[in-house]
Amino acid sequence: MNIVVVGPGSIGTLWAYKLKQAGHKVSIQSRVDGDTLSLTINDQRPVTLPNNHLRQIADADLILVTLKAWQVSSALNQIRSHIAPEAMILLLHNGMGTAESVSQVFSSNPILLGTTTHGAFQPQKHHSKHVGLGQTLIGAHNHQALQCGFIADVLNHALPECIWQNNIQSALWNKLATNCAINPLTALHNIRNGALSEMQYQETLDQIVLEVSQVMACEGFAVAQQALRQQVDSVIEKTAENYSSMQQDIFYQRPTEIDFISGYLLNCARKHSIETPANQKLYTAIKQIENIGSCS
Ligand code: PAF
């Protein structure tokens with residue numbers, strides 16, 4: 001397949017490398033100048049891929065967008081006129097809410113959404129360390145994408161395990177719950193994920209999860225609060241040594257995904273008139289830090 005990976009961060013680099021290894025024609029769309037990019041994962045041999053080739057975008061069967069949620073719309077708008085109307089667009093990022101605006105602009109394209117638990121970080125640019133084997137779930141956002149289940153097989157062949165979901169929204173909401181609980185708290189306290197198992201955070205975690213489960217129920221994704229809490233605890237345990245993406249963003253004074261994580265939750269809660277004080281408090285605190293950063 002002709003595949004363009006938009007955003008060669010840690011997860012984008014991992015996918016681009018694995019898809020190239022699996023025999024696909026892969027190119028990169030990035031903010032970096034240069035006709036080619038050399039990517040590598042772990043200690044493997046680098047691969048050199050075309051970078052920012054408009055022809056490759058026009059020929060793409062699949063556009064895999066691995067940018068942060070807040071970057072997605074503007075990046076896709078910049079290459080909008082080059083994307084074929086039948087090209088599949090797969091959005092793979094933390095948080096929710098981008099698909100609505102993307103599907104308005106790309107009204108004829110099949111839009112797919114995904115979430116992954118692969119662990120990767122970038123010790124240096126264009127070099128990803130694949131530190132935790134995970135699972136990628138993908139599914140259709142619009143009716144054009146309902147026939148795209150085969151993409152899960154393509155991705156599964158390149159980087160297992162990838163599973164097609166008939167209801168990807170449910171998987172995304174579950175991931176959102178984990179991100180609402182772990183990301184802002186670890187960022188505010190500047191701690192590793194594992195520190196959240198300490199006594200002092202339990203009441204806040206309970207409250208966050210309760211609020212998310214109430215919103216999920218009203219959105220049609222009812223899940224027991226206890227099950228959601230266990231899921232959060234299990235991620236805290238499995239990723240105990242890691243810093244969350246939001247901790248890293250705050251630490252390095254980069255914009256965070258808060259508007260697409262807690263912010264998305266708060267918008268849905270408002271729609272259903274649900275009180276969400278714990279999530280609101282974390283949202284406000286992260287926004288304050290972001291705003292101080294952008295003024296300094
Ligand atoms: O954003 C992150 O860091 C990850 O999604 C997660 C699951 C919180 C683990 O660190």
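Both ligands and their constituent atoms are indexed starting at 1 by order of listing. All figures in this text were calculated on a predicted structure; none of them were measured in a lab.
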Discussion item. If we set the cut-off at 4.0 Å for heavy atoms, which region of Lys175 has an atom near ligand 1: side chain, backbone, both, or neither?
Written reply: side chain
Discussion item. How far is atom 8 (C) of ligand 1 from the closest protein heavy atom, and which atom is that?
Written reply: Asn183 OD1, 3.1 Å
Response to the item:
ligand 1 atoms nearer than 4.0 angstrom to some heavy atom of Ser244 are 3 (O), 10 (O)
Worksheet item: Any idea which protein heavy atom is nearest atom 7 (C) of ligand 1, and the distance to it?
Response: Val235 CG1, 3.8 Å
Worksheet item: So Gln135 and Thr116, side-chain contact (heavy atoms from CB on, under 4.5 Å) or not? Walk me through it.
Response: CA-CA 6 Å; Gln135 197 181 52; Thr116 188; over 6 Å; no
Worksheet item: Quick check: does any side chain N or O of Thr66 sit under 3.5 Å from a backbone N or O of Gly7, one acting as donor and the other as acceptor?
Response: yes
Item to complete: Determine yes or no for a side-chain-to-main-chain donor-acceptor pair under 3.5 angstrom, with Asn190 supplying the side chain and Thr186 the backbone.
Response: no
Worksheet, complete the sentence: shortest atom 1 (O) of ligand 1-to-protein heavy-atom contact is with Ser245 OG, 2.6 Å
Discussion item. Under 4.0 Å from a heavy atom of Asn179: which atoms of ligand 1 are those, numbered in the order shown and with their elements?
Written reply: 1 (O), 4 (C), 5 (O), 8 (C)
Worksheet entry | Transitive ILVMFWY cluster of Val131, excluding itself - 4.5 Å side-chain cut-off | Phe121
Worksheet, complete the sentence: Sorted by chain and number, sequence neighbours left out, side-chain contact (heavy atoms from CB on, under 4.5 Å) with Asn2 holds for Lys25, Asp59, Asp61
Worksheet item: Can an N or O of Tyr243 be found at a distance shorter than 3.5 Å from an N or O of ligand 1?
Response: no
Worksheet item: Any N or O on Thr239 sitting closer than 3.5 Å to an N or O of ligand 1?
Response: no
Worksheet entry | Single-linkage hydrophobic cluster, 4.5 Å side-chain cutoff, Leu176 and Leu112 together | no
Practice prompt. Determine the sole option in Leu64, Ile3, Leu62 for which the side-chain contact (heavy atoms from CB on, under 4.5 Å) test with Met88 is passed.
Written response: Leu62
Worksheet entry | For atom 9 (C) of ligand 1, closest protein heavy-atom neighbour | Asn193 ND2, 3.5 Å
Practice prompt. Please identify which atoms of ligand 1 are closer than 4.0 Å to at least one heavy atom of Asn94.
Written response: 1 (O), 2 (C), 5 (O)
